[in-house]
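Just below is one structure, and these are the notes that go with it.
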Amino acid sequence: MAGLADMEAISRNVLSIRARIADACRRADRSPDEITLIAVSKTFSMAAVEAAIRAGVCHFGENRVQELATKCTEAPGHWRGGNRTWHMIGHLQRNKARDVVRFADFFHALDSSRLARALNERAETEERVLPCLVQVNISGEVSKFGLHPDEVAPLFDEVARCERIRVEGLMAMTSLHAGPDKIRREFRNMRTLFDAFPTQIAPNISMQQLSMGMSRDFEEAIEEGATHVRIGSALFGERIR
Ligand SMILES: *Cc1c(COP(=O)(O)O)cnc(C)c1O
């Protein structure tokens with residue numbers, strides 16, 4: 001993943017994904033400015049990240065804290081004084097809360113009040129506010145992380161007391177083996193859940209961002225209202241692990 005050919009492929013892929021985002025926006029009567037493309041660089045090298053940066057990508061996503069810490073030390077995010085934005089998009093164990101608070105600009109996988117309290121405590125120590133999204137299990141798959149839709153409002157009661165956390169919206173992943181109809185339904189259910197909340201729920205909780213859509217389904221996600229799409233393999237190639 002370090003050869004010149006691969007680097008050229010990444011910049012071509014960035015262009016084609018941007019074009020597909022623009023097309024999906026046109027179909028949905030939205031502006032591409034509303035969409036944040038997060039390049040999911042997990043398992044890929046810094047050279048790949050740099051190639052995406054050269055192609056104009058500013059947002060990166062990782063699902064392991066250690067890998068995020070390593071990469072964002074080399075190409076710092078806003079919180080570390082740089083000009084990238086590093087998104088921690090994967091499930092987090094509470095004992096890793098400190099590293100997320102130290103390194104990430106944004107956390108997409110808030111899914112329990114215990115985790116909220118742990119992040120809040122760490123953010124207090126680091127003297128910062130951590131922007132988060134609440135992960136919802138929209139697929140109904142037992143193995144998936146995220147809250148049942150009915151559990152989201154109760155979590156907000158807890159988060160309202162966590163001043164160092166700022167919830168800006170929701171995040172979801174569609175079922176791994178779902179066909180197009182089911183994926184579409186899951187995105188619509190997410191959008192319905194999102195719209196059912198008031199825009200401002202508490203001083204530190206608002207519904208502005210909807211992170212959904214990956215390589216295989218980001219166009220449908222945009223048509224259904226996504227503001228953040230998380231794209232890995234369509235940009236960087238197939239992952240080995
Ligand atoms: C890996 C990952 C992605 C990107 O998946 P692709 O299919 O490679 O685009 C998006 N979101 C999360 C949470 C991930 O872990």
Side-chain angles (χ1 to χ4, degrees), residues 1 6 9-10 12-21 24 35-45 48-49 51-52 55 57-72 84-93 96 99-100 103-112 115 131-141 143-147 167-180 182-184 186-187 190 209-241:
M1 203 57 224
D6 292 328
I10 290 171
R12 267 199 314 278
N13 292 344
V14 170
L15 287 177
S16 95
I17 287 166
R18 294 256 189 234
R20 288 167 63 188
I21 289 174
I35 315 296
T36 300
L37 165 60
I38 300 176
V40 178
S41 50
K42 63 188 184 194
T43 77
F44 292 103
S45 66
V49 170
V57 174
C58 313
H59 292 258
F60 292 87
E62 291 285 337
N63 70 341
R64 297 183 187 198
V65 197
Q66 188 52 55
E67 195 171 342
L68 182 142
T70 306
K71 285 178 178 160
C72 103
R84 324 282 166 230
T85 305
W86 284 96
H87 299 256
M88 172 65 191
I89 59 174
H91 178 72
L92 184 71
Q93 288 169 331
K96 306 262 177 68
D99 284 335
V100 165
F103 293 101
D105 294 290
F106 217 111
F107 178 53
H108 286 232
L110 184 60
D111 62 358
S112 77
L115 180 58
C132 299
L133 301 176
V134 169
Q135 184 172 0
V136 179
N137 180 348
I138 205 67
S139 72
E141 282 178 356
S143 62
K144 276 276 170 70
F145 295 114
L147 293 175
V167 167
E168 297 189 355
L170 305 177
M171 178 274 217
M173 288 171 86
T174 47
S175 310
L176 201 53
H177 302 292
K182 183 157 196 300
I183 285 177
R184 183 73 71 170
E186 291 179 0
F187 285 144
M190 255 328 263
Q209 315 296 356
L210 189 49
S211 168
M212 58 183 193
M214 311 179 12
S215 292
R216 61 172 187 154
D217 56 17
F218 69 91
E219 290 151 303
E220 292 83 351
I222 289 169
E223 289 169 20
E224 300 302 335
T227 63
H228 290 63
V229 291
R230 309 177 308 264
I231 301 181
S233 47
L235 218 159
F236 293 113
E238 289 306 317
R239 278 183 300 276
I240 296 155
R241 79 162 199 246

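A quick note: this is a predicted structure, and the numbers were derived from the prediction, not measured. Order of listing sets the numbers, starting from 1, for every ligand and every atom in it.
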Pairs under 3.5 Å, nitrogen or oxygen of ligand 1 with protein nitrogen or oxygen:
{"from": "ligand 1", "atom 1": "8 (O)", "to": "Ser233", "atom 2": "N", "distance (Å)": "2.8"}
{"from": "ligand 1", "atom 1": "8 (O)", "to": "Ser233", "atom 2": "OG", "distance (Å)": "3.0"}
{"from": "ligand 1", "atom 1": "8 (O)", "to": "Arg239", "atom 2": "NH1", "distance (Å)": "2.8"}
{"from": "ligand 1", "atom 1": "8 (O)", "to": "Arg239", "atom 2": "NH2", "distance (Å)": "3.1"}
{"from": "ligand 1", "atom 1": "9 (O)", "to": "Ser215", "atom 2": "N", "distance (Å)": "3.0"}
{"from": "ligand 1", "atom 1": "9 (O)", "to": "Ser215", "atom 2": "OG", "distance (Å)": "2.5"}
{"from": "ligand 1", "atom 1": "9 (O)", "to": "Gly232", "atom 2": "N", "distance (Å)": "2.8"}
{"from": "ligand 1", "atom 1": "11 (N)", "to": "Arg230", "atom 2": "NE", "distance (Å)": "2.9"}
{"from": "ligand 1", "atom 1": "15 (O)", "to": "Lys42", "atom 2": "NZ", "distance (Å)": "2.7"}

For the pair Thr227 (side chain) and Leu210 (backbone), establish whether a donor and an acceptor sit closer than 3.5 Å, ignoring hydrogens and angles. yes
Pairs involving residues 210-220, ordered by first then second residue, that meet salt bridge (Lys or Arg N to Asp or Glu O under 4.0 Å) (sequence neighbours left out): Arg20-Glu219
Are any of the side-chain heavy atoms of Phe106 and Ile38 separated by less than 4.5 Å? no
Would you mind telling me which of His59, Met171, His87, Glu168 makes a side chain to side chain contact (heavy atoms under 4.5 Å, CB included) with His228? His87
Could you list the residues that satisfy side chain to side chain contact (heavy atoms under 4.5 Å, CB included) with Ser112, not counting sequence neighbours? Arg114, Leu115
Among residues at least two apart in sequence or on other chains, which ones pass salt bridge (charged side-chain N to carboxylate O under 4.0 Å, His left out) with Arg184? Glu223, Glu224
